[in-house]
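Because only heavy atoms are used, hydrogens play no part in the values below, and waters and symmetry mates are left out as well, while side chains stay in.
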Amino acid sequence: GETAEMPDMYADGEYDLAGFGVGMADASTIVDGSQVAPGDVLIGLESSGVHSNGFSLVRKLVAQENVQADTPFPGSDASAAEVLLAPTVIYAKAVAAVMDALPVKGMVHVTGGGFYDNIPRVLPETVEAVVDFSSWSAHLPPVFPWLKQAAAITWPEMLQIFNCGIGYIFIVGKEQAEQAVEAARQAGYPAHVIGSIQERTSADGEQVLINGM
């Protein structure tokens with residue numbers, strides 16, 4: 001779905017070959033966010049790390065901080081290479097488990113653009129998401145505090161660039177929140193209630209408000 005610009009990644013004569021898959025779904029089962037309403041709850045699934053988004057900044061910081069691939073990464077027993085190149089979590093089994101267990105109103109990957117750009121993709125114009133950063137900050141992979149410090153940027157800026165520990169979000173009714181968390185955990189994906197949906201307070205303002213930073 002995109003053409004990325006990565007001038008520091010490819011040398012002359014090199015190219016990138018990408019593939020994609022096409023699926024089909026019954027129209028009655030499509031989750032498009034149209035049913036999201038005030039009172040609903042956001043369920044966040046933990047990420048394994050950077051998940052391949054924001055690596056232009058990551059590479060710049062690795063060079064700036066003279067990070068060596070085989071040295072221990074700050075705050076971790078793993079090497080820098082293991083932390084920075086941790087494989088992206090694939091959430092397909094969690095999606096299947098949660099959708100089998102209960103009605104899902106919205107769901108979204110937290111990819112490039114972080115929380116502020118991705119969550120609004122599944123929100124009606126009449127609502128906004130209120131996210132509590134402290135609900136999962138104790139589970140942050142060590143790469144994110146390091147990136148914040150090395151880049152000398154704020155948590156709001158981090159949450160605009162990176163997934164910051166949450167790679168996938170479900171929006172469900174409040175009464176199904178704990179069931180959704182348990183279904184995801186039973187499928188092997190650590191999950192947390194990370195926020196809620198409320199009526200939008202300003203048509204001109206952000207649709208994502210993040211507290212607890």
Side chain proximity check, [X] to [Y], heavy atoms < 4.5 angstrom:
| X | Y | value |
| --- | --- | --- |
| Val36 | Val122 | no |
| Ile166 | Leu45 | no |
| Leu57 | Leu147 | no |
| Val172 | Leu102 | yes |
| Ile161 | Ile153 | yes |
| Val98 | Met107 | no |
| Val89 | His51 | yes |
| Glu82 | Phe73 | no |

Is there a donor in the side chain of Ser28 and an acceptor in the side chain of Asp26, or the other way round, less than 3.5 Å apart? yes
If you measure only the distance, is there a donor-acceptor pair under 3.5 Å linking the side chains of Gln68 and Asn66? yes
Let me confirm one number: the [atom1]-[atom2] distance from [X] to [Y], rounded to the nearest 0.5 Å.
| X | Y | atom1 | atom2 | value |
| --- | --- | --- | --- | --- |
| Ser137 | Phe144 | OG | CZ | 13.0 Å |
| Ile210 | Gln160 | CD1 | CD | 9.0 Å |
| Leu159 | Lys148 | CG | NZ | 10.5 Å |

For residues 191-213, pull every pair meeting ring pair (Phe, Tyr, Trp, His ring centres under 6.0 Å), keeping only residues two or more places apart or in separate chains. His139-His192
If you group Ile, Leu, Val, Met, Phe, Trp and Tyr whenever their side-chain heavy atoms sit less than 4.5 Å apart, what else falls in with Ile30? none
Test applied, ring-ring contact (aromatic ring centres under 6.0 Å, His included); reference residue, His109; option that passes from Phe170, Tyr168, Phe115: Tyr168
With no hydrogens and no angle check, is any side-chain donor or acceptor of Gln207 less than 3.5 Å from a backbone partner on Val127? yes
Given 3.5 Å as the limit, does a donor-acceptor pair link the side chain of Asn163 with the main chain of Gly49, or not? yes
